[in-house]
There are 2 protein chains.
Amino acid sequence: MNQDRTGDVRTEGYITDGFWSRYIELVRDVVVPYQWEVLNDRVPDAAPSHAIDNFRIAAGEKQGDYYGMVFQDSDVAKWLEAVAYLLRRQPDATLERQADDTIELIARAQQPDGYLNTYYICNTAEPRWSNLCECHELYCAGHMIEAAVAYFEATGKRRLLEVMCRFVEHIDAVFGHEAGQIAGYDGHPEIELALMRLYEVTGNERHLALCRFFVDERGRQPHFYDREWEKRGGTHHDFGAGGDGVQPFMLHDKGYSQAHLPVYEQDRAVGHAVRFVYLCTGMAQLAQHSGDERLMAACRRLWDNMATRQLYVTGGIGAQAPRESFTCDFDLPNDAIYGETCAAIGLMFLARQMLMVETDRRYADVMERSLYNNVLAGMALDGQHFFYVNPLEVDPKVLGDNLVLQHVKPVRQRWFTCACCPPNLARLIASLDRYVVGCADNTAFVHLYIGGDYALPLADGTLRLHQQSELPWGSNVSMTVQADNAVNATLALRIPAWAAGFSLDINGEASDISPGDNGYLSIERQWVDGDRISLSFEMPIRRVYPHRAVRHDAGRVALQRGPLVYCMEQADNGEQLHNMALYQGGTLETAEGSDELEGMTLIRAAAVRDAEADSDSLYRFDSAPMKSECTATFIPYFAWANRGEGEMRVWVREVR
Amino acid sequence: MNQDRTGDVRTEGYITDGFWSRYIELVRDVVVPYQWEVLNDRVPDAAPSHAIDNFRIAAGEKQGDYYGMVFQDSDVAKWLEAVAYLLRRQPDATLERQADDTIELIARAQQPDGYLNTYYICNTAEPRWSNLCECHELYCAGHMIEAAVAYFEATGKRRLLEVMCRFVEHIDAVFGHEAGQIAGYDGHPEIELALMRLYEVTGNERHLALCRFFVDERGRQPHFYDREWEKRGGTHHDFGAGGDGVQPFMLHDKGYSQAHLPVYEQDRAVGHAVRFVYLCTGMAQLAQHSGDERLMAACRRLWDNMATRQLYVTGGIGAQAPRESFTCDFDLPNDAIYGETCAAIGLMFLARQMLMVETDRRYADVMERSLYNNVLAGMALDGQHFFYVNPLEVDPKVLGDNLVLQHVKPVRQRWFTCACCPPNLARLIASLDRYVVGCADNTAFVHLYIGGDYALPLADGTLRLHQQSELPWGSNVSMTVQADNAVNATLALRIPAWAAGFSLDINGEASDISPGDNGYLSIERQWVDGDRISLSFEMPIRRVYPHRAVRHDAGRVALQRGPLVYCMEQADNGEQLHNMALYQGGTLETAEGSDELEGMTLIRAAAVRDAEADSDSLYRFDSAPMKSECTATFIPYFAWANRGEGEMRVWVREVR
């Protein structure tokens with residue numbers, strides 16, 4: 001194992017940000033401990049997890065039956081991964097012991113041949129690797145690999161890494177084109193990105209080659225899902241609907257799992273949104289490490305379709321609840337959206353990875369948009385309640401009766417039966433430093449303005465940056481260089497698309513450097529200890545207008561300030577938000593939030609409200625609604641639904 | 001059997017209307033003959049029906065298995081009912097022979113004890129009357145009763161009436177509160193209104209009492225569906241999803257079939273829209289004939305909720321595809337709507353019946369709104385293609401990928417596997433004369449302005465009216481009295497809500513009679529042969545505005561002229577209809593349609609279109625769309641999608 005191999009691109013960071021530290025602490029103090037209790041079935045009012053018990057049963061240390069989703073193991077993996085990031089940030093003996101004990105349990109559940117998946121270990125009647133299409137076997141492996149890599153990086157402990165390397169060896173033997181091997185892949189991408197993370201740590205070319213195998217097999221004809229289904233005798237994993245003999249819908253909707261075409265031929269974001277971003281992340285990693293330009297071109301095409309045709313202004317993806325999936329270009333319903341928290345998190349994985357290959361503001365802008373809006377909205381301000389679905393328009397009155405909207409919740413829930421989002425949020429926030437900076441050769445990139453201490457290993461030596469940021473409320477950022485020796489390097493600072501302008505000074509002197517085509521401001525110099533950069537953005541309230549093809553938002557406007565997208569809530573504006581409209585060119589002013597929104601910057605906007613009297617008549621002739629002037633209050637989207645149930649709306653009509 | 005009993009409320013009519021005759025002829029020449037071929041499985045490209053063969057198998061005259069929906073018999077019944085109306089209008093020996101032969105076949109399929117339902121006769125393993133909740137046994141009986149009544153009224157032939165009276169006797173013995181009887185009711189209301197139609201012909205009090213039984217049992221606790229399900233041993237009729245042991249969703253969603261509460265306690269339109277209007281129609285008939293004020297009060301409450309909270313401007317009901325059902329007050333999505341053709345037809349049944357009990361314009365206005373818009377839109381101009389679902393906003397580009405909208409078709413289809421709507425349209429249009437006029441005591445009511453000859457039996461003698469009408473294109477109506485003897489009577493003419501004014505003259509003299517509170521203009525006089533009434537409506541293009549609580553239409557307007565609601569189509573206005581807006585108070589002019597729309601009145605409206613250039617960017621800051629002036633063309637909603645696939649939109653933004 002060669003730990004140095006990718007040292008040249010590994011950055012380190014410790015976030016000390018005024019805005020984000022609070023969330024990291026919530027993850028540490030609330031989310032991860034709560035999740036541990038849930039995994040151990042010690043929370044009476046939460047849905048049973050059984051995830052730890054499944055490992056105990058698989059290890060032969062407990063009697064009983066497997067319980068939970070077929071991918072229940074991944075909850076343990078995500079928890080371990082979040083723990084790893086927390087431990088890297090700050091030692092915690094209790095947490096580390098819990099993790100070590102869990103890892104030992106996992107190791108004991110591993111089968112003599114290296115196999116590790118509690119569902120199939122417990123349910124011996126179902127042959128392993130017989131239903132890749134539906135049963136998440138490699139998906140679970142992938143999450144555990146991610147946990148293993150993170151835990152090794154955080155603690156230096158190799159136990160779980162070795163367990164997972166053994167499992168990967170087993171997988172490598174099972175899959176392939178030789179006789180007796182399976183030429184297939186998982187219905188839910190994840191193993192691909194996990195193998196690449198493993199490869200980054202191990203440098204083992206078999207790990208890269210196995211990822212390549214899974215990527216290349218996907219979507220080939222004759223189709224693996226069909227072959228597998230026939231071989232299995234036409235059985236279907238029962239997720240609660242249908243039984244044997246019923247064809248899994250994944251067989252006729254192969255785009256659901258991005259298996260409708262070889263990835264090199266795909267050019268639109270289709271299917272399950274989380275699967276799409278996970279797959280593309282693995283593809284981009286593979287492209288980066290293999291230098292495969294054709295694969296990278298596919299990543300760019302898919303990114304472009306998603307980011308310029310199917311992305312919500314909140315950074316959410318997945319326009320429909322059926323199959324938690326994309327629909328088609330410019331189809332972005334605000335109320336029926338899925339916008340899963342996990343999908344926006346996966347989009348951040350992908351954006352980060354695209355930035356690894358080519359530094360371009362468009363990736364970082366989307367990453368920031370998702371982070372500050374859809375992703376952050378996934379968690380309540382108390383850190384104890386979560387959204388799975390993130391709508392841009394809600395009327396709680398209709399949610400009980402309108403079945404098309406039944407996936408939408410008006411307030412965040414404590415936990416979920418399919419608890420993918422809270423643990424995903426935990427691992428994302430706990431590892432947020434990994435998204436802030438990057439480096440390539442002798443250039444250090446600052447993608448996000450999140451305060452902290454970052455170490456950037458460059459060709460000429462390590463550059464240490466102490467970043468302070470007022471974002472998202474203020475617009476000043478400063479960075480101080482900490483270096484034992486002078487470092488000749490380029491520091492490239494992203495100028496966000498939301499910035500109406502900026503000023504830069506270096507050691508107190510104004511600079512007139514302009515951003516390059518990639519949207520980054522490149523400062524090339526010999527950096528010495530104490531060098532100081534001040535970057536100040538113009539951060540006015542900006543009106544956002546949709547592409548003309550987006551029918552749901554035609555005639556409407558959204559408000560954004562810095563990275564934050566805003567919304568109106570009933571708590572501030574009363575009922576029937578649909579009857580409010582902003583004046584084109586009308587006054588927009590910032591205001592201070594209070595109570596639950598203490599410390600936040602709100603927006604007050606000159607608006608008009610339809611004000612006819614209530615009527616018994618559903619339709620009336622000739623008389624357009626009377627209008628009355630009013631002031632609309634907007635709050636940051638991420639903070640919605642922290643004051644009880646009420647209407648919410650991001651896109652608001654605009655009138656002249 | 002007392003044929004005279006309700007002669008005092010039976011009107012006769014023969015439509016000779018310029019607009020509607022064409023549709024009646026289409027039903028006669030195209031729809032009913034085509035349907036006969038379908039029922040006999042002689043249309044190669046249509047979904048197999050097997051409905052006639054089911055009767056042959058049940059009669060023991062053919063080998064084979066039952067095929068089709070559990071309610072396949074009702075297709076034959078609806079066809080027979082439509083045939084009856086056509087024969088009443090005009091003799092047709094071929095058609096009558098087909099009907100008589102079919103009736104004989106039905107009679108031969110009837111069991112010795114009077115039972116008649118081919119699904120249960122063919123599938124002897126399933127006990128009769130064991131799954132009322134799901135299996136439409138009484139629903140099919142109801143449709144055949146309606147056919148029997150209509151055929152008897154049209155031809156005087158009693159064969160089918162006697163068959164169905166025998167079946168009703170059997171049903172009467174099976175259902176009740178005595179030991180061994182079933183205290184239950186059908187999941188799909190229909191038998192109630194059918195029994196009342198039968199009662200109107202037979203005067204047999206048992207028929208009314210049986211209807212009363214089914215109405216009163218509905219929604220009682222302990223709940224019949226639960227008792228029945230337990231008694232059956234927890235089996236579930238498989239409509240293609242789930243199997244035994246799965247609880248029918250109707251058990252936990254009892255409102256789906258309006259069985260959540262006793263009907264006297266219901267006050268909102270809920271559940272499956274067709275079931276709702278069928279049930280209410282039966283309730284209103286029972287209230288009429290029994291004088292039950294409490295029941296009539298329930299009908300009014302339910303009507304009011306539906307008509308003032310849950311009715312589309314097109315006269316459609318059923319806002320959601322899941323369960324083809326109502327959602328909740330003021331929730332009227334234009335694109336995801338169900339708006340089933342059958343539901344709007346059922347709404348006409350109900351409106352007509354409410355008018356039987358109390359003459360009030362609000363019922364007739366809704367009846368006319370449904371007829372000229374949602375109902376008529378269900379059929380193509382060629383009479384050969386049909387909509388099941390009637391949206392108010394369509395973008396064909398998204399229909400393939402957006403699963404929430406997968407029930408919406410961009411153009412009418414040839415036929416349906418579940419072919420309820422085309423036969424329902426056929427029987428409605430063939431019997432349209434039944435909706436035009438009504439009478440009570442010594443008052444003759446004209447509800448609809450559809451040209452024809454109508455005979456109104458009043459206390460003082462029969463009044464014959466020859467009506468000529470320019471509607472929906474022109475606004476002049478005239479009526480000539482034909483009477484052998486003078487008749488002292490009141491003629492009550494509805495003044496539609498869409499009329500901005502009217503002028504009336506009687507025998508050439510202007511009259512200044514004002515409409516009463518019920519919206520009808522009452523003319524009391526001694527009518528003599530040759531009396532002539534001219535009624536001229538002000539029929540400007542009117543802007544329609546929604547109730548302020550309807551969020552989907554806020555800031556939008558619809559156009560209506562006379563009874564016709566209008567829409568924009570891509571064929572006239574190009575793509576991206578969402579980017580067009582009307583000017584508040586802007587010019588609205590009529591225009592003549594051409595080609596497929598020859599003879600129709602179109603509307604041209606001063607409008608504005610967002611006109612920014614296409615962009616690669618999904619969102620942009622600050623720059624509101626450029627506007628350009630344009631003229632929007634609107635066509636009658638009923639005529640949409642007769643010129644190929646394209647966008648369509650009823651509610652259009654309005655700007656100042």
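Throughout, protein chains are lettered first and strands after them, A, B, ... in sequence-line order, and every chain is numbered starting at 1.
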Fill in the blank from the handout: Whatever's closer than 4.5 Å to a heavy atom in chain B on A:Leu577 counts as neither
Fill in the blank from the handout: Most contact-rich option vs chain B, by heavy-atom pairs under 4.5 angstrom, among A:Ala624, A:Cys328, A:Ala307, is A:Ala624
Practice task
Name the region of B:Gln310, side chain, backbone, both or neither, that has any atom closer than 4.5 Å to a heavy atom of chain A.
Solution key: backbone
Problem - B:Asp395 portion near chain A, given a 4.5 angstrom heavy-atom threshold - result: side chain
Completion exercise
Assert top hit (heavy-atom pairs under 4.5 Å, partner chain B, pool A:Ala497, A:Gly400, A:Ser325) equals A:Ala497
Practice task
With a 4.5 Å cut-off on heavy-atom pairs, point out which of A:Leu311, A:Asp610, A:Asp335 contacts chain B the most.
Solution key: A:Leu311
Fill in the blank from the handout: With chain A, the option among B:Ala581, B:Ala558, B:Pro546, B:Gly585 that has the most non-hydrogen atom pairs under 4.5 Å is B:Pro546
Handout entry: Audit row: B:Arg551, A:Lys397, side chain to side chain contact (heavy atoms under 4.5 Å, CB included) steps and yes/no
Key = CA-CA 12 Å; B:Arg551 68 189 187 290; A:Lys397 285 191 298 298; over 6 Å; no
Handout entry: Backbone N/O of B:Thr308 and side chain of A:Asp616: donor-acceptor pair under 3.5 Å
Key = no
Exercise for the section: Go through the steps to decide whether A:Thr327 and B:Val398 satisfy the test side chain to side chain contact (heavy atoms under 4.5 Å, CB included), and finish with yes or no. Expected result: CA-CA 7 Å; A:Thr327 57; B:Val398 311; over 6 Å; no
Fill in the blank from the handout: Answer key: most heavy-atom pairs under 4.5 Å with chain B among A:Asp304, A:Asp329, A:Leu405, A:Val544 is A:Val544
Exercise for the section: Pick one of side chain, backbone, both or neither for B:Arg653, based on which atoms fall under 4.5 Å of a heavy atom in chain A. Expected result: side chain
Exercise for the section: Determine, step by step, whether B:Asn579 and A:Arg548 satisfy the side chain to side chain contact (heavy atoms under 4.5 Å, CB included) criterion, reporting the C-alpha distance in whole Å, the side-chain angles of both residues, the deciding distance to 0.1 Å, and the verdict. Expected result: CA-CA 7 Å; B:Asn579 286 329; A:Arg548 67 197 303 259; 3.7 Å; yes
Handout entry: Heavy-atom pairs under 4.5 Å with chain B, option from A:Val270, A:Val404, A:Val313 with the top count
Key = A:Val313
Exercise for the section: Applying salt bridge (Lys or Arg N to Asp or Glu O under 4.0 Å), name anything that partners A:Asp401, two or more places apart in sequence or on another chain. Expected result: none
Exercise for the section: For each of B:Val655, B:Asp553, B:Val550, tally heavy-atom pairs with chain A at distances under 4.5 Å, and name the one with the top tally. Expected result: B:Val550
Practice task
Drop me the distance from B:Phe330's CZ to A:His578's NE2, to the nearest 0.5 angstrom.
Solution key: 9.5 Å
Problem - Interface moiety of A:Glu654 toward chain B, non-hydrogen atoms closer than 4.5 Å - result: side chain
Practice task
Would you mind checking which part of B:Gln560 comes under 4.5 Å of any heavy atom in chain A, side chain (CB onward), backbone (N, CA, C, O), both or neither?
Solution key: side chain
Completion exercise
Taking a cut-off of under 4.5 angstrom between non-hydrogen atoms, the residues of residues 314-323 of chain A near chain B are A:Gln320, A:Pro322, A:Arg323
Exercise for the section: Look only at the side chain of A:His547 and the backbone of B:Arg620, and say whether a donor-acceptor pair between them is shorter than 3.5 Å. Expected result: no
Handout entry: Contacting region of B:Leu332 [heavy-atom separation from chain A under 4.5 Å]
Key = side chain
Practice task
Measure from the side-chain N and O atoms of A:Arg543 to the backbone N and O of B:Phe621, and report whether any donor-acceptor pair falls under 3.5 Å.
Solution key: no
Practice task
Begin with the C-alpha distance, continue with both residues' side-chain angles, and end with the deciding distance and a verdict on side chain to side chain contact (heavy atoms under 4.5 Å, CB included) for B:Tyr545 and A:Asp622.
Solution key: CA-CA 7 Å; B:Tyr545 295 94; A:Asp622 303 330; 5.6 Å; no
